[in-house]
2 protein chains.
Amino acid sequence: MTATAPPWPLSSFPGPQDSPGFTLWRDFTRWQRSLNAALKPLDLTQPRFAVLAVCGWLTRDGRDITQQDVVDFLGMDRMHISQIASRLDRDGLILRRASRTDLRAKVLRITPAGHDTLARAMPLVETHDRAFFHRKGTP
Amino acid sequence: MTATAPPWPLSSFPGPQDSPGFTLWRDFTRWQRSLNAALKPLDLTQPRFAVLAVCGWLTRDGRDITQQDVVDFLGMDRMHISQIASRLDRDGLILRRASRTDLRAKVLRITPAGHDTLARAMPLVETHDRAFFHRKGTP
DNA sequence: CCTCATATGTAAATGCATTTACATTATATG
DNA sequence: CATATAATGTAAATGCATTTACATATGAGG
């Protein structure tokens, strides 16, 4: 007996390229890679930009927000947001201080430098995404 | 002068939720999180599964493939594939040996254990993705 | 008031994804 | 053949994303 190749029809799709999850993964990583490249001059990444933008959005009327508010808005893990917020704090784009009404919570505030960076980043992101999503194929 | 809230209309979208990139990010992470949970009993993750499946797909007719072939097929970074393949090798799901025709390249081969794991994983993934993508909204 | 379940956030560990730099081998060009 | 350029893969470092475990604080019920 010789070694035989394993049988393929393991999948109901002709090939991996035809699986929607496979293409979602590939398209997402391409989008993120491309946007990260556009944001590199500002020392931002797509997730850093997103958290910064959400901070700006949720505090647009001067309200205080906590990390948990960002978690709820983004629907993401609280540890993840903690990591990103910690680095944004380290880099001077946001401030974090303990809330006076809930000593567990940390109130987030965008610094002037953070707001300036956000204002510069926004048109880069919108220009990028307009180009990226206009041609829906693989860019 | 009192401190004023930073002006919002920084974006042409009413809010972050309306940006296509923002929703792509959120939807992708939800999909990957959900699929990783489905694959956990097999000690697989979505990227590990994807690389394993591509190895199976590209070797379906018995041909030899290299890591670079996987990189080209997936359109991903070669260092990234190197990491994932290294762990799949460590876990006994694939074998890696130096090519005899190109001493730089490493030939990949799925082990019986790897093929068995792939055969178990495939229906989990297809069931998961059918449910996930059927309702296009946020699941 | 006291206790307990819940909420907010972090430390440590792991894997995903990329960047930079490097070693080795192939290949094209002189 | 000799050398320059390109291709294949890895080590180390960084940031993204999640999991587990933990510390502290809140709030509900006794």
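Below, chains carry the letters A, B, ... as their sequence lines are ordered, and counting in each starts from 1.
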Check: C/dT25 C1' sits how many Å from B/Lys106 NZ, rounded?
Finding: 14 Å
Review item, side-chain donor-acceptor pairs of residues 94-107 of chain A, under 3.5 Å, at least two apart:
{"from": "A/Arg96", "atom 1": "NE", "to": "A/Asp89", "atom 2": "OD2", "distance (Å)": "3.4"}
{"from": "A/Arg96", "atom 1": "NH1", "to": "A/Gln67", "atom 2": "OE1", "distance (Å)": "2.8"}
{"from": "A/Ser99", "atom 1": "OG", "to": "A/Thr101", "atom 2": "N", "distance (Å)": "3.1"}
{"from": "A/Ser99", "atom 1": "OG", "to": "A/Thr101", "atom 2": "OG1", "distance (Å)": "3.1"}
{"from": "A/Ser99", "atom 1": "OG", "to": "A/Asp102", "atom 2": "N", "distance (Å)": "3.1"}
{"from": "A/Asp102", "atom 1": "OD1", "to": "A/Arg104", "atom 2": "N", "distance (Å)": "3.0"}
{"from": "A/Asp102", "atom 1": "OD1", "to": "A/Arg104", "atom 2": "NE", "distance (Å)": "3.1"}
{"from": "A/Asp102", "atom 1": "OD2", "to": "A/Arg104", "atom 2": "NH2", "distance (Å)": "2.9"}

Notebook entry, point to check: Roughly how far apart are A/Ile110 CD1 and A/Cys55 SG, rounded to 0.5 Å?
Noted result: 5.5 Å
Next item on the list: Please state how far atom CH2 in A/Trp31 lies from atom P in C/dT18, giving the value in whole angstrom units.
Entry: 13 Å
Notebook entry, point to check: What nucleic acid atoms does A/Thr66 come within less than 4.0 Å of, heavy atoms only: base, sugar-phosphate, or nothing?
Noted result: sugar-phosphate
Check: CG/B/Leu44 to CG/B/Leu88 distance, rounded to the nearest 0.5 angstrom?
Finding: 8.0 Å
Notebook entry, point to check: Just how far is it from atom CZ of B/Phe132 to atom CG of A/Leu24, taken to the nearest 0.5 Å?
Noted result: 7.5 Å
Next item on the list: Find the distance A/Arg26:CZ to C/dA17:C1' and express it as a whole number of Å.
Entry: 17 Å
Item checked: Residue pairs fulfilling side chain to side chain donor-acceptor pair (under 3.5 Å) with at least one residue in residues 35-46 of chain A, sequence neighbours excluded -> A/Gln32-A/Gln46
Notebook entry, point to check: Looking at residues at least two apart in the chain, or sitting in another chain, which of them share a side-chain contact (heavy atoms from CB on, under 4.5 Å) with A/Pro14?
Noted result: A/Asp18
Next item on the list: Round to a whole Å and report the spacing from CZ of B/Arg87 to C1' of D/dG9.
Entry: 16 Å
Notebook entry, point to check: Which of residues 90-98 of chain A have a heavy atom under 4.0 Å from DNA chain C?
Noted result: A/Arg96
Show me, pair by pair, the donor-acceptor contacts under 3.5 angstrom made by side chains of residues 119-126 of chain B, not counting sequence neighbours?
{"from": "B/Arg120", "atom 1": "NE", "to": "B/Asp116", "atom 2": "OD2", "distance (Å)": "2.9"}
{"from": "B/Arg120", "atom 1": "NH2", "to": "B/Asp116", "atom 2": "OD2", "distance (Å)": "3.1"}
{"from": "B/Glu126", "atom 1": "OE1", "to": "A/Ser12", "atom 2": "N", "distance (Å)": "3.3"}
{"from": "B/Glu126", "atom 1": "OE1", "to": "A/Ser12", "atom 2": "OG", "distance (Å)": "2.6"}
{"from": "B/Glu126", "atom 1": "OE2", "to": "A/Ser11", "atom 2": "OG", "distance (Å)": "2.7"}
{"from": "B/Glu126", "atom 1": "OE2", "to": "A/Ser12", "atom 2": "N", "distance (Å)": "3.1"}

Next item on the list: Identify, with sequence neighbours excluded, every residue that meets side-chain hydrogen bond (donor to acceptor under 3.5 Å, both in side chains) alongside A/Thr111.
Entry: none
Checklist line | salt bridge (Lys or Arg N to Asp or Glu O under 4.0 Å) contacts touching residues 71-86 of chain A (sequence neighbours left out) | finding: none
Next item on the list: Take B/Ile81 and B/Gln32, find for each the nucleotide of DNA chain D with the closest heavy atom, and name the residue whose nucleotide sits nearer the 5' end.
Entry: B/Ile81
Next item on the list: Specify the separation, in whole Å, of atom CD of A/Gln68 and atom P of C/dT10.
Entry: 11 Å
Next item on the list: Specify the residues of residues 42-54 of chain B, ordered by number, for which at least one heavy atom lies under 4.0 angstrom from an atom of DNA chain D.
Entry: none
Next item on the list: Between B/Ile84 and A/Asp69, name the one whose nearest nucleotide on DNA chain C is closer to the 5' end.
Entry: A/Asp69
Notebook entry, point to check: Sequence neighbours excluded, which residues qualify as salt bridge (Lys or Arg N to Asp or Glu O under 4.0 Å) partners of B/Arg63?
Noted result: B/Asp61
Notebook entry, point to check: Between A/Asn36 and B/Ser99, which has a closest nucleotide on DNA chain C that is more 5'?
Noted result: A/Asn36
Next item on the list: Grab the CG-C1' distance between A/Leu39 and D/dG15 for me, whole Å please.
Entry: 14 Å
Checklist line | Under 4.0 angstrom between A/Ser82 side-chain N/O and C/dG9 OP1 or OP2 | finding: no
Notebook entry, point to check: salt bridge (Lys or Arg N to Asp or Glu O under 4.0 Å) with A/Asp91: which residues, sequence neighbours excluded?
Noted result: A/Arg48
Protein-nucleotides 19-27 of chain D N/O pairs under 3.5 Å:
{"from": "D/dT26", "atom 1": "OP1", "to": "A/Leu103", "atom 2": "N", "distance (Å)": "3.0"}

Note to self: What is the separation between atom CH2 on A/Trp25 and atom C1' on C/dT18, rounded to the nearest whole Å?
What the structure shows: 14 Å
Notebook entry, point to check: Counting just side-chain N and O atoms, does A/Gln67 come under 4.0 Å of either OP1 or OP2 of C/dT8?
Noted result: no
Item checked: Partners meeting side-chain hydrogen bond (donor to acceptor under 3.5 Å, both in side chains) with B/Trp31 (sequence neighbours left out) -> B/Asp129
